[in-house]
Amino acid sequence: MRKDAKARVAQLREQLEQANHRYYVLDAPSLSDAEYDRLFAELQALEAAHPDLLTPESPTQRVGGSPAKEFTAVTHLQPMQSLRKCNDESELEDFDRRVRETLLREAIAYVAEPKLDGLAVSLVYEHGRLVRGATRGDGATGEDITANLRTLKQIPLRLQGEVPPLLEVRGEVYLPLAGFRRMVDDATARGDKPPVNPRNAAAGSLRQLDPTITARRSLAFYAYGVGAYDGWARPPLHSQVLQSLREWSFPVSDLVEVVQGVSGCLKYFEAIGARRAQLPFDIDGVVFKLDDLAGRDELGSVSREPRWACAYKFAAEEASTLVEKIEFQVSRTGALNPVARLKPVFVGGANVSNATLHNLDELARKDVRVGDTVIVRRAGDVIPEVVGVVAELRPEGTRAVDWTVDCPTCPICGAKAEREEGEVNAHCTNGLSCPAQLLGALAHFVARRAMDIEGLGEKLLMQLIERELVRSPADIYRLEMQQLAELERMGEKSAANIVAAIEASKNTSLERFLYALGVPDVGEATARELARHFRTLEALLEAAVADAPTAHAEKDKERCPRLREVPDIGPVVAAHVAHFFTEQQNLEVIAALRAAGVAWPELSHAPRDGVLAGKSFVITGTLAGLSREQAAALIEQHGGRVVGSVSAKTDFLLAGEAAGSKLAKAEKLGVTVIGLDQLHALIGR
Ligand code: IVH
C-alpha cells in the first residue's frame, strides 16, 4: 500500500513539475487547468495520508509555513558583482578596446542579454534541490528569502537532468507589466498608494515576511548566470552555460543572442529598443558579456565590477527642466486641463516642451509653479507628464497656481470658467458654443466607435466650424454635398463619400448613440449599461429628470437613486448623466438628431424566465469563434445580464484566451469562472 503510494507520489510530482515547467518556462502548456488541478488534489491527498512522503520540493509545498519575523542574513558563496555602465557609443568602444587589448584578440564575441528591471537573486541548489534563495544585499551578504522565492513557479524546486552537487544560480526576479497593472488597480481600488514602477512593486512583493503575499503577485524569474559550483565540468562559453541552465529547467530569456564586436552590440541594442514597447515586461537596457569564460578570468574585476561585462542603458525616461508657463487647455467636455510649458528638454528619445499636469487636484498636490525646476517623464508614446518639483531649486517669489486668477475665463472662447464641488478641474461654461468644445465633441461624435462617419477628420471639422456650417453634431446631418465639395482639399468624389457615410450613420444603436453624445464620464461600457438598463431613450430621460434634483446631494446614498440602479454606475457618473440629460442645449441637439433621422432598433425586454434569469455575467478575453457582443446576446437571450466589471455580486466570469485583470479579480473574489463550453452547457446547447 505504502509502496504503491510512494510510486504514485513520485509519478504525480514528475507530471506536475513538467506541467509547471511547460506552462511557466516554455510557455507551451501540456495539461488543461482542470487536469492539473485534479493531479494536484490527488497528490495533496496522498501526502496528507502519508506525511512521511512529504518533501519540501513537492509542487504542493511552494506556499507553506507561517510568516517570518525577520529575514536572516546569508553570505553568498561567491560575491554578487554589479555592472559597469556604458552611457554612449564611445564608452562602449572603450570597453571593447580594453577587452581586445587585454586578451590580445582582434574581434570579440559577446552574449547580449536584455537587462530586466527587477532584483538580482542567488539560488543555491544542492544535488539538484533548491536549498536557499537570497537577495543581492551588499553583494557579499544578502537576505534569506527562500520561502518567498519558492512561491515563484518559474523557479525550479528540483532540477532536471544531470546536475552538479553544488550550483549557485544567478538571475533576476521581475514583475511582468500585466501583474504590475493589476497591483496598481488593486491598490487604487483599496485607496492605497499604488507602486510607482514594476521594479519597486517586485521588490516590495519579494521582501514580504509572509510568503503567501508574494505568492499572490505574479512575479517571474529569469536566469542569467552561475556563481559558485562544485563537481561540474563548466563549458568554455557563457552561451553554453545558458543552454545548460535551460536544460536544468531554468527560464532563460529567448532574447539572448551572441553578437560580434561593437557593431554587433549596437545592432542588437537597436533591435531590442524597437521591440521594447511590445515586450510584456520592462527592460532598462542591454547587458553585454564576454562569451569566452577563460577570457573572463583573465580580465578580472575592478571595484566589484567585472571588466568582461557592461550595461548599456536606454536613454533616461526622466529629465529635469524649467517650467516657463502654466496654461490651460480646453478638453472635449470643456474641462480646463493644466499644462506645463517647459524649456525644451531631451527625454525618452524626444524633445519635450509640453507636459501634462493632469488636473487641478494633481497640480495642487505637486504644487508646480512657474519658475520651478521639475522632473519630466516621457515613456514610449505616452503623453509626457510632470512627475514632481525639485524643491531645493525653487526660486524666490513664486506663487501657487490659482485657477480663479490664472484661468478665470476659457482661453479659447472667453466664457466664464467654473469649478463645481467635487470636480478635479474647472470648466468652460459655454458648452458647444465654445469652438474648442465643439471640435472635441464633433470629433468624438463621428469616431469609429461612436457614429462611425468615415472621412470626417479633424481638419475638415475645423473648416466646417470656421465657416459656421456646423454648430452642433446635429448640423452634420444638414450638410449638403456642395458645401463639402467647396472645402479645402476636397472634391466631388470625397464629398459624395462623406455624404454617403453620414447617411449610413443614421442607422445606429442606442448604446452607440449614447456614447457618441459625449456625456462626461460615459465611455462605451457605461453607454452599453445605460442602453441595456433603460432600453429606450425616453426611459433614460425620464430617470434623468427624476434624479437631477438630487445630483448634488450631500450623501452619496441619496444621489440619483434611479440612475444608480444601472449596474456599475456610481454617484459621480450618475450625477453627470442626470445633469447632461436635463440641460436644454443637449436636449435640443438630441431632438434635432432624431428629427434628422438618427434611429436605432427597439431593444426588446430580456426574458425574465430564461435559465440564466437573475444571473449576472462578466465577459473577458477572446472567445473562440464568438465575439463578445454575440456572447452577450446569447446570455441575454436566456435571461442573464451582462455587466462591465467584476464584483462580489457577479455570478459568473466568462473567460476566453488571454484573460487578464478581470480573471485575477474574479479568482480573488471567488466568482465562478466558466468557459464557452460551460456556458453552452448551462443553457443546454
Ligand atoms: S549580470 C557581474 N545580467 O543588473 C554580472 N545582470 O548592475 C552581474 N541585471 O544587480 C550581473 N539583467 O539585477 C546581469 N542579464 C543580466 C541582467 C542583470 C538585469 C541586473 C542585476 C544586477 C544589475 C547589475
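Side-chain atoms are counted along with the backbone in the values below, which use heavy atoms only and exclude waters and symmetry mates. Atoms within each ligand, like the ligands themselves, are counted from 1 in listed order.
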Which bit of Pro114 is near ligand 1, meaning a heavy atom under 4.0 Å away: side chain, backbone, both or neither?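 Under 4.0 Å from ligand 1, Pro114 contributes backbone atoms alone.
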Heavy atoms only, cut-off 4.0 Å: how does Phe288 contact ligand 1, side chain, backbone, both, or neither?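 The answer is neither; Phe288 stays 4.0 Å or more away.
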Out of curiosity, is [X] lining ligand 1, as in a heavy atom under 4.0 Å away?
X	answer
Ser301	no
Met80	no
Ala309	no

Evaluate Arg84 against Asp94 for salt bridge (Lys or Arg N to Asp or Glu O under 4.0 Å), listing each step before the verdict. CA-CA 12 Å; Arg84 125 182 202 165; Asp94 291 345; 5.8 Å; no
Set of side chain to side chain donor-acceptor pair (under 3.5 Å) partners for Lys289, sequence neighbours left out: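 Side chain to side chain donor-acceptor pair (under 3.5 Å) list for Lys289, sorted by chain: Glu113.
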Any donor-acceptor pair under 3.5 Å from [X] side chain to [Y] backbone:
X	Y	value
Trp248	Arg158	no
Lys665	Val646	yes
Ser32	Glu35	yes

Under 4.0 Å to a heavy atom of [X] - the qualifying atoms of ligand 1, by number:
X	answer
Pro306	2 (C)
Glu113	3 (N), 15 (N), 16 (C)
Ala120	10 (O), 13 (O), 21 (C)
Gln81	2 (C), 8 (C)
Leu116	12 (N), 19 (C)

May I ask you to check whether over 12 heavy atoms, not counting those of [X], lie within 6.0 Å of atom [atom1]?
X	atom1	answer
Tyr23	OH	no
Arg275	CZ	no
Glu270	CD	no

[atom]: nearest protein contact (heavy atom, Å):
atom	answer
atom 23 (C) of ligand 1	Lys115 NZ, 4.0 Å
atom 9 (N) of ligand 1	Glu172 OE1, 3.5 Å
atom 3 (N) of ligand 1	Lys289 NZ, 3.0 Å
atom 12 (N) of ligand 1	Tyr222 OH, 3.4 Å
atom 7 (O) of ligand 1	Leu83 N, 3.3 Å

If the plane angle is over 60° it's perpendicular, under 30° parallel, otherwise tilted; pick one for Tyr36 and Phe40.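 Judged by the thresholds at 30° and 60°, the geometry between Tyr36 and Phe40 is parallel.
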